[in-house]
Amino acid sequence: MITLTRLVPEPVRRLHWIMLPAMLLLIAIGTMFIFSACSVRDEEKLKDLYVGHAGSAAAGLVIYLLLACVNYRNLLRGSWLFYLGAIVLLVAVLLVGTKTMGARRWVLGVQPSEIAKLAVILLVAWLLGRREAARQAESYLLALLVAGIPVALVLQQPDLGTALVFVPTVLAMLFVSHVSPRLFWLTILAGVMLALVVIAAIVTVETAQLSPRTETWVRQATGLTNYQQDRLANFIFPARNPHSGAWNKRQSEIAVGSGGVWGKGFRKGDQNLLGYLPQNVSCNDFIFSVLAEEAGFAGALAILGLYLLLLASVLGVAISCPDGVGKLVCVGVAVMMFGHVFVNIAMTMGVLPITGLPLPFISYGRTCLLTMMVALGFVQSVAIHGRQAAARF
Amino acid sequence: MHVHEFKPFANWRIVLLGLGFLAGFGVLGVRLYHLQVVKSGALEQRQMRQSVRRVLLPAPRGRILDGHGRLLADNQPNYCLALYLEELRRPGRWSNTVNAVDQELDQLASVLRLPRSCPRSRIESHIRQSLPLPLLAWEHLDDAALARLAESRRAFPGMDIFVQPERLYPMGRMAAHLLGNAGRSGFDQTANAEEYHYHLPGLKGRSGLEKEYDDLLRGIPGGQLIRVNAVGYRHDDWTSRQPVPGRDINLTINSEIQLSLENALAGVRGAGVVLDTRNGDILAMASAPTYDLNDLSPAPSPEFWRSLLEDPDRPLFNRAMTGCYPPGSTFKPFVALAALTQANLPPSTMFHCDGSFHLGTRVVHCAFGERHGDVDMRKAIEVSCNVYFCSLAQLMGYDAIVAVGQQIGVGRRTGLSLAGESPGLLPATAWKQERKQENWSMGDTCNIAIGQGNLLVSPLQMAVATAALANGGTVWRPRLLRGQAAGEVVSRANWPTAAVELVKAGMQDVVSGEEGTGRRARVAGIAIAAKTGTAEYRVENVPKKYGWMIAFAPAEAPRVAVVMVVEEAQTGGLTVGPRLQRVLLTIFADEIAAGGKAGAA
């Protein structure tokens, strides 16, 4: 027995054997349903998006395995550089980015906002996870600053959904690290107040008869663009605009609901086939509608189960990791992933307003897929190297 | 030992996060259950409603055949060129697609060498109103056009031949009033029509038998479901219910007799009916002038329709059953029958005719100023003596005439299964009181006795009455549809055989006697009983005459009753006699041929 285990190298033996297959399974399912969603497209090029997805996944897997072999503690020393790189890209996207549907999100074929999510997680974990950072108000404020800069830049694109994902991620990391609890609760309180004020402002604009000047002032005071305010208002008041703005929401609900318990069968989803789910969102933001229609309640539940398994594994790695940096990396990655999954699926079922958050591993989107795989690569590294002696930074 | 140092990263906080995840997934699961299990049916309905269009498919219309299986109304395919827009669609604005269709139509026009019949505006309205259905760009493609199309089919995507049913009347003008016409139906008015989004045009009976038996002929329409995509183009379709073809109907009409009757009426205004005296089957029924049914199918041109409506001869008017005429002397046999059966007067009742009958200040003359001298009942029928019948009516009273008139169905619809039948008029004494505030006078009785005055009958009624006389008193409900059952008896008059035989003998003399007014209807080898009639009427104070003739044959064992009326005639015998003869020649063609051979042998 002993000789047999000796044959397998140490890192491979320590590999987390649930996380990797769960991730690969989700990617495979994603590839399948991107194929299904895009098969109805007119342009030949777009029919082959699933190949691109699988290709990105292959590249991602290589990076994932490489990361798994390397001790994350060594890598995180360079998190400042990674962070700076992400900030540079975020600034670049504002200057020279490709504009689609009113927002600049791409530069050089990548979405810097996706990379920034991971960069923030790694840097905040590095700042808060080391022993010397504990219980210092300065490190707390530094963490907020580290998260705040990319959030501000992402809001400029504008991409509210992505910007909002930073918030729970960083808050969860602050919560677990227990740095300056008083400031933490103050932040939470301030955040809730801010959200309430924004919602109150939108409700006021919508219901009260304000003079144009006052209305403009209130609208500007929320700090949101008119488009974002409209979307929120559409969500709070569903009857407000039953036709234009709510089309995707309604069609997505119909898709999910008409799938029934067992679904309509692979590539037989009418909503996608007949174009009621717009083709430009069916393979990314609304891929879950396609999946739920074709695979039904059973299939959708299975997907939720896979995500839960993956998230539980990540948190399990966090619990078993002896040092704070490893724990925080895992917590950050888990919360970021959960945020995407929850917001995306809730959006397709009409529970949350429509935002452009992709469904991790399943939605088409190379930057997102690679980022998520790299993130899990770090978690895998924590799983393998976390228990190695002496966390010395 | 490191526990104290890493207290900030307490694992319970991570577990708490995990529980938060669980709660989040719980919310998702509940919503998923709500949508995919609880509301699944309703959302599936919504999905169907927004993407499925129902189309009503007309069933193939039943045909109409004559008594010998000859086609009177048939269906013929109308080959249309159909464009399926979902295959011609262009991304972007609608006008891109309209342009693409427009260009294809131009190219097709040059290939077909036909002028374009579908303007751009129709493409636009088609896209707006019935996008999932094919656009019919040309109709009635002939063989040459179809051949040219077959050669270049590959070059035109989204193009196909679409076959629409159309009504064809192989015999053209024949029995036009009876058959009526079927035109393209617009919106089907059936009970659940509103459940359908679109209706493919079918055929709908507009008049005559086509209208009367529309339910039978139309069959049961089928349903087609078309799935449309979000833009409204057809995605696919399937037939949800096969149409049930309409039933063929077999008429009692005999095309040869019908044609002969129509030919006999050619060039005049008038009508004729040939009835089987044994069961009430209508062997022929015609009204002149007539028109070609194919000119009305699928829809008449407005000019043609106006010309039909404005024609002073009123070709659309079915004189055979809707027309009402005073029967003139053709009523006399029934008056004689009234005297014999109701007043029990003997056939030997004699009156002296000196050419005129005086009643107070009024005088009734016999035709052509003839004086018939002493005449009995049989002779009176043969020579059609007005003086005799006025005297007879005076003797027996009006009630006897009314009784027989009612027995033979005057003033009552015969019950033909065709809309528009006129009941005629058998004036009661009270009728005149009501209408004209005058008492019934003996003069009125006298007028009715010679078939004038206010007495009105339709040719069809007269045919039923003649048949009743021929078969000894059975009044049949005339029928047009051949059924399994024997005919339907409306009533049976209880006439003594002797009385009927006397009247028949008088009517035979009308044709065969030296002085008979119906001599011109003679047919060698066939004993014919007949009565002529001439009724006067005025059009803008110009006196005119209706010429009548009723007949049945063979006299000894009657099979057919023939009735004809011609407007603006000289007299019944002169104008109608030879025409009726032609019809009889056709009816008895076989017997005449056999008799001729027998004679030759």
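Here the structure is a predicted model, which is why all the values come from computation and not from measurement. Chain A is the first sequence line, chain B the second, and so forth, proteins listed ahead of strands; every chain is numbered from 1.
- For the atom pair CG (B:Leu28) and CG (A:Asn344), the distance works out to 10.0 Å, reported to the nearest 0.5 Å.
- Most heavy-atom pairs under 4.5 Å with chain A, from the set B:Arg46, B:Gln45, B:Gln47: that is B:Gln47.
- Looking at B:Arg13, its side chain does come within 3.5 Å of a backbone N or O of A:Phe175 through a donor-acceptor pair.
- Annotation: maximal heavy-atom pairing with chain B below 4.5 Å, among A:Ala346, A:Gly263, A:Gly257, A:Ala300, occurs at A:Gly257.
- Within a 6.0 Å radius of NZ in A:Lys47, more than 12 heavy atoms belonging to other residues, nucleotides or ligands are found.
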**Request:** Show the numbers, then the answer: is there a side chain to side chain contact (heavy atoms under 4.5 Å, CB included) between A:Val256 and B:Leu43?
**Result:** CA-CA 9 Å; A:Val256 174; B:Leu43 287 168; over 6 Å; no
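- Distance CG/B:Leu35 to OG/A:Ser258: 10.0 Å, rounded to 0.5 Å.
- Heavy atoms of other residues, nucleotides or ligands lying less than 6.0 angstrom from CZ of B:Arg227 number more than 12.
- Chosen from A:Gly350, A:Ala292, A:Gly316, the residue pairing most often with chain B at heavy-atom distances under 4.5 Å is A:Ala292.
- Per-residue counts of heavy-atom pairs under 4.5 Å with chain B were compared for A:Pro278, A:Gly296, A:Gly275; the largest is that of A:Gly296.
- For the set A:Ala312, A:Ala172, A:Gly259, A:Ala334, the entry with the most heavy-atom pairs within less than 4.5 Å of chain B is A:Ala334.
- Counted within 6.0 Å of OH on B:Tyr33, heavy atoms from surrounding residues, nucleotides or ligands total 12 or fewer; the atom is thus considered open.
- Per-residue heavy-atom pair counts under 4.5 Å with chain B were compared for A:Thr348, A:Val314, A:Leu311, and the maximum is reached by A:Leu311.
- Contacts between residues 335-342 of chain A and chain B, counted as heavy-atom pairs separated by less than 4.5 Å, involve A:Val335, A:Phe338, A:Val341, A:Phe342.
- The 12-atom threshold is not exceeded at CH2 of A:Trp185, counting heavy atoms of other residues, nucleotides or ligands nearer than 6.0 Å.
- Proximity to chain B is limited to the side chain of A:Leu328, based on heavy atoms less than 4.5 angstrom apart.
- A salt bridge links A:Glu253 with B:Arg31: at least one charged nitrogen is closer than 4.0 Å to a carboxylate oxygen.
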**Request:** Run the numbers on B:Asn11 and A:Lys327 for side chain to side chain contact (heavy atoms under 4.5 Å, CB included), then give the verdict.
**Result:** CA-CA 9 Å; B:Asn11 283 336; A:Lys327 276 181 194 292; 2.6 Å; yes
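- The part of A:Val331 that comes within reach of chain B is its side chain, from C-beta onward, which places non-hydrogen atoms under 4.5 angstrom from that chain.
- The parts of B:Val228 that come within reach of chain A are both its backbone and its side chain, each placing non-hydrogen atoms under 4.5 angstrom from that chain.
- Distance check: A:Leu301 CG to B:Gln36 CD gives 8.0 Å after rounding to the nearest 0.5 Å.
- Ranked by heavy-atom pairs under 4.5 Å with chain B, the first of A:Asp270, A:Leu273, A:Val351 is A:Asp270.
- A distance of 8.0 Å separates CD1 of A:Ile345 from CG of B:Leu32, quoted to the nearest 0.5 Å.
- Taking CG of A:Leu274 as the start and CG of B:Asp236 as the end, the distance is 7.5 Å to the nearest 0.5 Å.
- Scanning both residues, B:Ser40 and A:Gly260, for their nearest heavy atoms gives OG-CA, 3.3 Å.
- Using modelled atom types, one finds a donor on one side chain and an acceptor on the other under 3.5 Å when comparing B:Gln50 with A:Gln251.
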